[in-house]
Every structure is written in structure tokens, then in C-alpha cells.
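Beneath this line is the structure, given in C-alpha cells, with notes to follow.
The sequence lines fix the lettering, A, B, ..., with proteins before strands; numbering per chain opens at 1.
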Protein chains: 2
Amino acid sequence: MGTRQEISELPPEADLARADSLAREIFSDIANKWALLIIEFVGQRTMRFSELRDAIGGISHKMLTQNLRTLERNGLIVRKVHATVPPRVEYTLTEAGAALRTVVDGMCGWTQEHLAHIEASRREFPS
Amino acid sequence: MGTRQEISELPPEADLARADSLAREIFSDIANKWALLIIEFVGQRTMRFSELRDAIGGISHKMLTQNLRTLERNGLIVRKVHATVPPRVEYTLTEAGAALRTVVDGMCGWTQEHLAHIEASRREFPS
DNA sequence: CTGTATCCGCATTGATACTG
DNA sequence: CAGTATCAATGCGGATACAG
């Protein structure tokens with residue numbers, strides 16, 4: 001197995017080096033605002049389709065459906081349909097999704113912490 | 001200032017609740033694959049324009065320029081022009097950019113760790 | 001309520017050419 | 001080498017209608 005260093009020193013972006021790698025494709029799948037916002041909000045608690053729509057705000061019916069499907073396909077959320085009328089569909093994070101959520105939390109936290117810095121930077125930037 | 005709890009218990013996504021908030025706008029600015037990939041690669045070391053282009057791969061000249069400007073405007077990277085001929089332009093992360101990089105690292109790490117899970121999930125998903 | 005399908009405008013993106 | 005500008009095309013994303 002070699003030394004411990006050889007294993008642990010792999011940089012986190014190692015597999016993202018090639019543009020055509022699977023890692024890159026997956027990265028592109030999740031690195032967009034709708035996907036990340038969905039992860040963040042569903043992470044708060046299990047939510048229904050319309051609850052999610054209202055919570056996120058500004059997302060169209062179509063984009064929400066589309067992103068939910070992609071997330072489900074990648075195993076980040078589970079979709080549970082209750083056979084009632086009217087139908088009730090609930091979305092929950094999987095373990096993998098929850099793990100990603102901690103990362104997204106970090107991103108949300110970063111945004112809050114650097115709001116002032118960013119605003120200042122924008123004002124000084126020569127338009 | 002009140003109790004410590006009142007301050008620390010704010011959820012990381014607090015300011016992202018409204019779709020028209022500044023936090024949301026900034027979140028949207030950085031939550032896209034090119035911006036995050038640039039942060040990740042520039043975070044490895046200071047890089048020139050063409051180095052970055054080659055390192056990332058699959059990004060067009062125009063998109064790279066465009067995203068670099070947005071990142072600069074938001075104070076995440078600094079652009080240093082060396083008055084030589086031919087010109088030499090180097091990009092480096094600011095402190096804020098470096099802070100974001102640790103988050104992006106987490107995202108890269110997450111991608112690597114869950115590659116197998118995602119592949120498996122995709123195979124089982126009814127296309 | 002939730003989901004699928006369609007249409008269509010507009011923004012994003014790439015290719016190309018030109019400047020410093 | 002790095003950047004800007006322009007043009008054309010693709011596809012994202014919204015609105016709408018309809019089905020289960």
C-alpha cells in the first residue's frame with residue numbers, strides 16, 4: 001500500500017483535470033445554482049414539490065422538475081410518491097446528498113461572511 | 001450583544017431565502033461550473049491566462065475572460081499585468097477567494113468520494 | 001398537486017477577426 | 001500573449017396547456 005503520504009496527498013481536484021472525465025461531468029451537474037439551492041433547501045427538511053418551489057422562489061416549474069430528476073438520477077435525493085388524491089410527492093436527501101449539503105452549507109456561510117467585502121470590491125471596480 | 005446562541009444559530013442559508021436578495025445574487029454568480037473550476041485551479045498556484053485555459057480545458061477564450069472579470073469584480077481574484085512584451089498576466093486568489101477555495105475543495109473531494117455511488121445510481125435509474 | 005410536452009424568445013456560448 | 005468586439009447558433013429557461 002506504500003506510505004500513508006502517497007495516498008493522502010492526492011489533491012481534491014485530481015480527477016477534474018481532464019475536461020472529458022466522469023468527475024468533471026458530475027461536477028458540472030451539481031455546480032449550478034438551481035441544483036445547489038435545491039440541495040440546500042431539501043437539506044433543511046423533507047419537502048413537497050410545491051413547498052420547494054415556494055421556498056426557493058424564482059425557479060420555474062420546469063427547471064425544478066428537471067433539476068430534481070437529475071439529482072434523483074445521481075442518487076442525491078429520493079422521490080417518494082404518496083398514492084393519495086391529490087398526489088403528494090416528497091423529496092429527501094440521501095446520505096450522499098446530505099454529505100454534499102455540508103459543503104453547500106459552507107458555500108452559503110462563505111457568501112454571508114463575505115457580503116461586505118464583495119460589495120466593497122464591486123464599488124471600487126472600474127465599470 | 002445578547003447571548004452567544006442568538007448569533008451562532010443562524011442557519012447558513014438564512015440570507016438566501018429571498019430570491020431577490022444580494023446574497024442570492026452573489027450565490028448565483030459563483031455557483032456555476034466555470035467560476036468554481038477557475039477558483040479551484042487558480043487556488044493551486046498563480047497562473048497565467050493561457051496556463052489557466054490549458055489547465056481547465058474545454059473552456060473558450062471568451063468564457064474564461066468573462067468569468068475572470070466577474071471574479072475580479074467580486075474581489076475573489078487579483079489580476080496582475082506585467083509590462084513586458086509579449087504581455088504576461090497572472091491571476092491569484094485573494095483572501096476571500098482562498099476561503100472559497102476550501103469550500104470548492106470540499107466539493108471536489110465529495111465528487112471523488114461519491115463517484116462509484118453516482119455511477120451505480122445512474123445505472124439503476126429508469127432512463 | 002405533480003408531471004410531461006410544446007413552443008419560443010433571449011441569453012449564453014463559441015468561432016472568428018482584429019488591437020495593443 | 002492577452003483582450004475586445006462582433007456575429008451566428010445553440011440551447012437554456014419561461015410560459016402555457018394538458019394529463020394523471
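- A heavy-atom distance below 4.0 Å to DNA chain C is reached by these residues of residues 44-54 of chain A, ordered by number: A:Arg48, A:Phe49, A:Ser50.
- Note: A:Thr94 OG1 to A:Leu100 CG = 9.0 Å, rounded to the nearest 0.5 Å.
- In terms of heavy atoms, B:Phe125 sits closest to A:Arg69 at CZ-O, 4.3 Å.
- Using a 4.5 Å heavy-atom threshold, the side chains of A:Asn32 and B:Asn32 count as separate.
- Of the side-chain N and O atoms in A:Arg79, one or more sit less than 4.0 angstrom from OP1 or OP2 of C:dG3.
- Rounded to the nearest 0.5 angstrom, A:Gln66 CD and A:Thr70 OG1 are separated by 6.5 Å.
- Here C:dA11 presents its P atom at 13 Å from NZ of A:Lys33, a figure rounded to the nearest Å.
- To the nearest 0.5 Å, the span separating CG on A:Asp54 from CE on A:Met47 amounts to 8.5 Å.
- When DNA chain D is scanned 5' to 3' for any atom under 4.0 Å from a heavy atom of chain B, the first and last hits are D:dC1 to D:dC7.
- Where the helix from C:dC1-D:dG20 to C:dG20-D:dC1 starts and where it ends, the local axes point in directions that differ by 40°; five pairs per end, rounded to 10°.
- Residues A:Arg18 and A:Arg24 fail the side-chain proximity criterion, which asks for heavy atoms closer than 4.5 Å.
- A:Lys33 and B:Ser28 make their closest contact through CD-OG, 3.3 Å (heavy atoms, listed as atom of the first residue, atom of the second, distance).
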Please list every donor-acceptor pair under 3.5 Å in which a side-chain atom of residues 36-45 of chain A meets a protein atom from a residue at least two apart or in another chain.
{"unit_1": "A:Glu40", "atom_1": "OE2", "unit_2": "A:Arg101", "atom_2": "NH2", "d": "3.4"}
{"unit_1": "A:Gln44", "atom_1": "NE2", "unit_2": "B:Glu13", "atom_2": "OE2", "d": "3.2"}

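- Within the model, atoms CD1 of B:Ile59 and CG of B:Leu68 stand 7.5 Å from one another, a figure rounded to the nearest 0.5 Å.
- Distance, A:Glu90 CD to C:dT2 P: 9 Å, rounded to whole Å.
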- Message: What does the B/S/- profile of nucleotides 14-20 of chain C look like, 5' to 3', with a 4.0 Å heavy-atom cutoff to protein?
- Response: BB----B
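- Scanning both residues, A:Ala19 and B:Ile56, for their nearest heavy atoms gives CB-O, 4.2 Å.
- Projected onto DNA chain D by closest heavy-atom contact, B:Val81 and A:Asn67 fall at different nucleotides, the more 5' of which corresponds to B:Val81.
- Looking at B:Arg79, B:Lys80, B:Arg48 one by one, the single match for side chain to side chain contact (heavy atoms under 4.5 Å, CB included) with B:Val89 turns out to be B:Arg79.
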- Residue pair B:Thr111, A:Ile30: steps toward the side chain to side chain contact (heavy atoms under 4.5 Å, CB included) verdict: CA-CA 9 Å; B:Thr111 302; A:Ile30 60 177; 4.2 Å; yes
Which atom pairs, one a donor and one an acceptor, fall under 3.5 Å between side chains of residues 113-122 of chain B and the rest of the protein, sequence neighbours left out?
{"unit_1": "B:His114", "atom_1": "ND1", "unit_2": "B:Trp110", "atom_2": "O", "d": "2.9"}
{"unit_1": "B:His114", "atom_1": "ND1", "unit_2": "B:Trp110", "atom_2": "NE1", "d": "3.3"}
{"unit_1": "B:Ser121", "atom_1": "OG", "unit_2": "A:Arg73", "atom_2": "O", "d": "3.0"}
{"unit_1": "B:Ser121", "atom_1": "OG", "unit_2": "A:Gly75", "atom_2": "N", "d": "3.1"}
{"unit_1": "B:Arg122", "atom_1": "NE", "unit_2": "A:Asn74", "atom_2": "OD1", "d": "2.8"}
{"unit_1": "B:Arg122", "atom_1": "NH1", "unit_2": "A:Glu25", "atom_2": "OE2", "d": "3.0"}
{"unit_1": "B:Arg122", "atom_1": "NH2", "unit_2": "A:Glu25", "atom_2": "OE2", "d": "3.4"}
{"unit_1": "B:Arg122", "atom_1": "NH2", "unit_2": "A:Asp29", "atom_2": "OD2", "d": "3.4"}
{"unit_1": "B:Arg122", "atom_1": "NH2", "unit_2": "A:Asn74", "atom_2": "OD1", "d": "3.3"}

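- Of the side-chain N and O atoms in A:Tyr91, one or more sit less than 4.0 angstrom from OP1 or OP2 of C:dG3.
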